[in-house]
Amino acid sequence: QKEVEQNSGPLSVPEGAIASLNCTYSDRVSQSFFWYRQYSGKSPELIMSIYSNGDKEDGRFTAQLNKASQYVSLLIRDSQPSDSATYLCAAYFGGGSNYKLTFGKGTLLTVNP
Amino acid sequence: DTEVTQTPKHLVMGMTNKKSLKCEQHMGHRAMYWYKQKAKKPPELMFVYSYEKLSINESVPSRFSPECPNSSLLNLHLHALQPEDSALYLCASSQEHRVGEQYFGPGTRLTVT
């Protein structure tokens, strides 16, 4: 069973701080990883994808992938109250699981003004 | 156009009713997905269509019947549902080789009475 594990939180940070969200996965052959943001009552929205080891930055967001340690993280710099949402880590394992994206349980982030 | 649309937004149905959920995208994506999401849980994959053919059925009860009339449309036909089927039903689409980069519709909030 290929799994994605996330700290369910909740995670609370003050405005302007760095929020760090972490995720581990069970399959060394995993191909690619994604972070989705879901506001309460809304649908998930892709905010970051990462396909190779290292860091990927996009504005205030940085995704980090370490395939040897089987973890992926999302850093949100200068956190804003509008970042308050559930963040879903997802992995595409490929192979026999074609077309199936495996989600973690999500981490609820609250940014306090 | 990077939008996935879903109708209706809300649906209340009795256990003997038959209803349909509709999803549409015009991004040229050839993979389309149905998910079920319960409160505080990640999306749970139900069905995947690739090039208008059913690729994945995650052992979903037959009271849920998917249909893909063409490359832009996806339907989910509902019949004899149970109260535990009440949930947010999400449609998503992606390029067939970028499974992790899914665009979600706003969802249909279904209540079964």
One thing to verify: whether A:Glu5 and A:Lys105 come together as a salt bridge, which I'm taking to mean a side-chain N less than 4.0 angstrom from a carboxylate O.
no
Flag, side chain of B:Ser93 to backbone of B:Met32, donor-acceptor distance under 3.5 Å:
no
Counting only heavy atoms closer than 4.5 Å, note whether A:Thr86 contacts chain B via side chain, backbone, both or neither.
neither
At their closest point, which heavy atom of B:Lys36 faces which heavy atom of B:Glu84, and how far apart are they?
NZ-O, 3.7 Å
Relative to chain A, which segment of B:Glu96 carries a heavy atom at a distance below 4.5 Å: side chain, backbone, both, or neither?
both
Given heavy-atom pairs under 4.5 angstrom as the criterion, report whether the side chain, backbone, both or neither of B:Gln102 touches chain A.
both
For A:Phe61, is there any backbone N or O sitting under 3.5 Å from a side-chain donor or acceptor partner on A:Glu57?
no
Shortest non-hydrogen contact from B:Pro66 toward B:Leu54:
CG-CD1, 4.4 Å
Does any heavy atom of chain B fall under 4.5 Å from the side chain of A:Gln38, the backbone, both, or neither of them?
side chain
Looking at B:Ser94, B:Ala92, B:Ala39, B:Ser50, which makes the most heavy-atom pairs under 4.5 Å with chain A?
B:Ser50
